[in-house]
Each structure stands twice: as structure tokens, then as C-alpha cells.
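A quick write-up on the structure given underneath.
Naming: A, B, ... by sequence-line order, numbering from 1 per chain.
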There are 2 protein chains.
Amino acid sequence: MLDLKAFQKITYGVYLVSSRCGDILSGCVVNTLTQVTTSPAQVTIAINKQNYTTEIIRKSGRFTAVVLSQSAMMELIGRFGFHCSRDTEKFESFRTRVDESGVPFVCEQASARFSCKVVSSMDAGTHIIFLGEVEAAEVLDSTGPMSYAYYHQIKNGITPPRASVYQPEPAKGYRCRICGYVLDSDTVPDDFVCPICGRGKEHLEKITG
Amino acid sequence: MLDLKAFQKITYGVYLVSSRCGDILSGCVVNTLTQVTTSPAQVTIAINKQNYTTEIIRKSGRFTAVVLSQSAMMELIGRFGFHCSRDTEKFESFRTRVDESGVPFVCEQASARFSCKVVSSMDAGTHIIFLGEVEAAEVLDSTGPMSYAYYHQIKNGITPPRASVYQPEPAKGYRCRICGYVLDSDTVPDDFVCPICGRGKEHLEKITG
């Protein structure tokens, strides 16, 4: 028995993970940041092997994780969570800083940041788990962190197929091929703009079966 | 710069992890359960190497993790979180079931359970990270999961020194040597019973410095 609803009882936050290798910047959204030890302070993140950010972390051995605030906008989450850093400049629309190791991180709509050096990793199949020693940690604002439940229930956020916790769901209407957003309608207006990834009508496909 | 307050912005739930090796049962509390992949469904837990439960998981290669409900009582958390399975029968005071692999789990005050086979592990210093393939998952009740923030803010819960997220804090008064509970008082009544671990006055030590 594997009731998928059981997995929805696990509690998470929402985090932006960024990295840098030379001139290449990358970033994505994860819900899997966890502190695992206190002395020294170490955290893990689970991240899909196909993510460009994973490649950059592997090359550079560094990542910076930002805790998104409850006030974070869908535009920020959509930009980092539903586009690929290979072909999208993710950082330019947001206020950023560069940490002690030269890794950029978004410093708005964010509660805290952790700058980490990768000290170990574990293969988990589709994903890899990076163990990072936290070399710098900083509170960015006093607002509370966004929980994954809040992201779903209040912000109407969706989970992309590459996420650790993705669950395919039966749906009808039209689905955005870029980000998975579902438009629950029989028709699509010509000026449709995806509320998650910002793409147009041409990226929608009719959901069948 | 390593601002410890930044770590308090990470979001967690509260979980009971149990295991069994022959006639030996063990269980403890963790805040580090995370789903890391969907196909197959896999989760990680970070757990202190000194915990007896860690030894039993290593020997048996199995663990069952239960998501505590928001309604879970401090007695349950105190029993599993602040005693050692070596010298305490943790399960007898609570309603339990045995999963498909013979591992007991608490089925009251709990939202869901995951029965896992260990497929890999990673050394993280004081802690070990177990990667478990979820062989059975089940919703236990419809109440919401307890978040770690709720545990602290609403239930006045404390974090024991062996936890992944332990932060030493300056304190005054008396500290329970068993569970770390701090009695903020200049005197201790003779009939003192620790509200967390249930021990008496003889286990308190005066906080100095």
C-alpha cells in the first residue's frame, strides 16, 4: 500500500538554491533544505540531476540557499522554479547580493541565506543529495518563512514534474508544457499569459484522457 | 558570519522514527524527514549516531516514520524524544500497530506513516543520513501535521542537545540533566516533576555562568 496522500503530510519550506561557476549563474527552487548537524553546521538539499543548477553545484562545489518569506511573490518562484538557467537570466529582475564566495543570491522576499561548501553527496536515483557545510548564515528580514503548504493553499502554487515531491494528478482543460500550470477551461483566450511562467497560448496543450 | 537565528527560518515537521531488530524495539523523535524522490518514493532522515534507534536501524535496515499531528501531546513527544530506548519501554503507553515488516509504530496522534527499507546512507559527522525506499505509506488521520514552529511556539517544546538543530542558549535557574528542560526559578520544590521527561528533582543541576 502506497497512499500518495500520506506524502502530503510531510512539512517543508520553500527555498531558492543558487550557484556559480565562472561566469555562469544558475538557480532553482527546492523544498528539501534541512539542517542535519549543529557542529559543524551542515545542511542537505535534494535536487534533480537534470537541473542545470545541479551541474553548476557539481562543478563549483558551492551553493547558497535562500529561505523564501511568506510574502514572496509568484513571479519570483515562477522565474526560478519553472525556467531553466541555461536559457533564462533569472537574477536580473530581482534584488541580489553576492556572498563571500562570489555566489549570487536573491536578497528580497527572503528570510535568511546559507552559503555552503559541498562536503559530500549521495546518489538517490533521479535526485542527488548534497551535504553542505554552512560557511555563512544571515537573517535577511524578520518575516516568517513560507511553508510549502502555504505556497499550495494560499498562493495556489503548483509542483513541477522534476520536484522531489511531484505527484501526477488527473486534470482537464489545458496544461502549460513549460511549467505544468493547468487552465481549467474549455477554451483559451488569445491573450492568455501563463500566471506561473509567463508564456503564451502557444505553449498550452489540451489535456486528454 | 554565522548567525544562528538564520537556521530558525528553516521549516520542519515533527516525526517519530521507530525500528526493530529481533525483540528489541526502539524509537525517537526527529525533525528531518524529507521526501527526496518520487519514482521510486524515497525519503531521508538525519539521526544522531549516538541514538539507540540509529543502532537498531543499522542492524535491521528498516525504519518506520510517523508524522505527528498538530494535536500530538507533549507526553508522547517527551517519551520518545527525551528517554533512551535502551532503558525505557516507549511504546507501551500508546496505541501502536505493527507494519508489514514487523516494525511497531505509534498510530495515535499521528497523521501518516512511512515504512522504509534503507537503501543507502551518508556520514554527516555527528549524524547519519539514511535514504529509505518507502515500501508502504498510509494516512492515519485527517488532522494537519505538527510543524516544528508549532511545537516550539504553541506547545512550548524544547530541542534536546542531540538534535540536528540544537542551539545552546544562555539560561539561568536549573536544568534537567535528562532532557534539558530549564526551570527558571531560584528554588526547586521537593515534589518537582520535569514536565518534559517526568524525572524528579534529583536530576536537576544549577545553571552556572
> Given that the side chain runs from C-beta out, which part of B:Ala65 has a heavy atom under 4.5 Å from chain A: side chain, backbone, both or neither?
Replying inline: neither
> Do A:Thr34 and B:Thr34 pass the side-chain hydrogen bond (donor to acceptor under 3.5 Å, both in side chains) test, and can you show the C-alpha distance, the side-chain angles, and the key distance before you say yes or no?
Replying inline: CA-CA 8 Å; A:Thr34 304; B:Thr34 305; 3.3 Å; yes
> Does any heavy atom of chain A fall under 4.5 Å from the side chain of B:Ser142, the backbone, both, or neither of them?
Replying inline: backbone
> Is a side-chain donor or acceptor of B:Gln42 paired with a backbone partner of A:Ala124 at a separation under 3.5 angstrom?
Replying inline: yes
>> Looking at A:Lys9 and B:Thr143, would you say the former's side chain and the latter's main chain have a donor-acceptor pair under 3.5 Å?
In response: yes
> What are the two closest non-hydrogen atoms of A:Val165 and B:Gln35, and how far apart are they?
Replying inline: CG1-OE1, 3.4 Å
> Non-hydrogen atoms of chain A under 4.5 Å away: do they reach the side chain of B:Ile45, the backbone, both or neither?
Replying inline: neither
> Does any heavy atom of chain B fall under 4.5 Å from the side chain of A:Glu133, the backbone, both, or neither of them?
Replying inline: neither
> Can you name the nearest heavy-atom pair linking A:Phe114 to B:Ala6, along with the distance?
Replying inline: CZ-O, 3.2 Å
>> For B:Tyr12 together with A:Tyr12, are the ring centres under 6.0 Å from each other?
In response: no
>> A side-chain contact here means heavy atoms from C-beta on lying under 4.5 Å apart; do A:Ile10 and B:Leu33 qualify?
In response: yes
> How many angstroms lie between OG in B:Ser111 and NZ in A:Lys5, if you round to the nearest 0.5 Å?
Replying inline: 14.5 Å
>> Please rank A:Glu135, A:Arg113, A:His127 by heavy-atom pairs under 4.5 Å with chain B and give me the top one.
In response: A:His127
> If you count heavy-atom pairs under 4.5 Å with chain A, which of B:Thr37, B:Thr44, B:Val67 comes out on top?
Replying inline: B:Thr37
> A:Tyr15 versus chain B, heavy atoms under 4.5 Å apart: side chain, backbone, both or neither?
Replying inline: side chain
> Relative to chain A, which segment of B:Asn48 carries a heavy atom at a distance below 4.5 Å: side chain, backbone, both, or neither?
Replying inline: neither
>> Ignoring hydrogens, what is the shortest heavy-atom contact between B:Ala46 and A:Val36? Give both atom names and the distance.
In response: CB-CG1, 3.5 Å
> Who among B:Ala41, B:Ser115, B:Ala137 has the most heavy-atom pairs with chain A under 4.5 Å?
Replying inline: B:Ala137
> Among B:Ala112, B:Ser39, B:Ala163, who wins on heavy-atom pairs under 4.5 Å with chain A?
Replying inline: B:Ala112
> For A:Met122 and B:Ile129, which heavy atoms make the closest approach, and how far apart are they?
Replying inline: CE-CG2, 3.9 Å
> Got a sec: does the CE of A:Met73 have more than 12 other heavy atoms crowding it under 6.0 Å?
Replying inline: no
>> A side-chain contact here means heavy atoms from C-beta on lying under 4.5 Å apart; do A:Thr38 and B:Gln167 qualify?
In response: no
